[in-house]
Amino acid sequence: MLMRVFSPTGTLLEKEVEKVNFQALDGAHTFLPKHADYLSVLTPDVVTYESGGKKSYIACNRGVILKQGENVFLSVRSAIFNDDLKALIEQMRTEFKKEEEERKETNAVMARLEAGLTRGFMKLSDRGALPDDG
């Protein structure tokens, strides 16, 4: 099977694999070459794949997985690759925590901008600079 991993920044991986294990919203699954086509939403977890008899790992924050014929497609928000599972789990804790903190900071900045715009419109409305809806 040809596995391709995509993120918003582009193609992260394109590799021939024999097996893919993953955790989805509806449970744990394994893709093998002759399995039926399937689409599911990935939970934040580790995707395991085997290529040449060797296991490798991808930590995926969020995404979807599709098996279509001899192809497996992963579309993820972010991913971390490592052949050492213990090292990957540690990387995952650090990176995903950092991403979550950045997301929270972005949300806080957006909330402050929205509040500032609302206050500005209220001041304009009080001065009669905005048309009355009524």
If every non-hydrogen atom of V20 is compared with every non-hydrogen atom of M3, which pair is closest and at what distance? CG2-SD, 3.9 Å
Please name all residues satisfying side chain to side chain donor-acceptor pair (under 3.5 Å) with T9, sequence neighbours left out, ordered by chain then number. S7
Contacts of T30 meeting side chain to side chain donor-acceptor pair (under 3.5 Å) (sequence neighbours excluded), chain-then-number -> N21
Are L74 and Y57 linked, directly or through other ILVMFWY residues, by side chains that come within less than 4.5 angstrom of each other? no
Report yes or no: do V17 and Y38 belong to one cluster of Ile/Leu/Val/Met/Phe/Trp/Tyr joined by side chain heavy-atom distances under 4.5 Å? yes
Return the NZ to OH distance between K15 and Y49, rounded to the nearest 0.5 Å. 5.0 Å
Quick one: pull up CZ in F22 and SG in C60 and give me the separation to the nearest 0.5 Å. 11.0 Å
Got a donor-acceptor contact below 3.5 angstrom from the E18 side chain to the G52 backbone? yes
Under the rule for side chain to side chain contact (heavy atoms under 4.5 Å, CB included), what residues qualify as partners of Q68, not counting sequence neighbours? D37, L66, F73
Side chain to side chain contact (heavy atoms under 4.5 Å, CB included) filter on E101, not counting sequence neighbours, yields K97
For F6, which residues count as a ring pair (Phe, Tyr, Trp, His ring centres under 6.0 Å) partner, sequence neighbours excluded? none
Under the rule for ring pair (Phe, Tyr, Trp, His ring centres under 6.0 Å), what residues qualify as partners of H35, not counting sequence neighbours? none
Just list the side-chain donor-acceptor pairs under 3.5 Å for residues 41-48, sequence neighbours left out, or say none.
unit_1 : atom_1 : unit_2 : atom_2 : d
T43    : OG1    : Q23    : O      : 3.2

Hydrophobic cluster partners of M110 (side-chain heavy atoms under 4.5 Å): V109, L113
Side-chain heavy-atom pair F31, I65 within 4.5 angstrom cut-off: yes
Sort and list the pairs that fulfil side-chain hydrogen bond (donor to acceptor under 3.5 Å, both in side chains) and have at least one residue in residues 103-123, not counting sequence neighbours. E100-R103
Distance-only donor-acceptor pairs under 3.5 Å for side chains of residues 78-90, two or more places apart:
unit_1 : atom_1 : unit_2 : atom_2 : d
S78    : OG     : E99    : OE1    : 3.1
S78    : OG     : E99    : OE2    : 3.1
N82    : OD1    : D84    : N      : 2.9
N82    : ND2    : Q91    : OE1    : 2.8
D83    : OD1    : S56    : OG     : 2.7
D83    : OD2    : K54    : NZ     : 2.9
D84    : OD1    : K86    : N      : 3.2

Can you pull the salt bridge (charged side-chain N to carboxylate O under 4.0 Å, His left out) pairs that have at least one residue in residues 3-14, sequence neighbours excluded? R4-E14
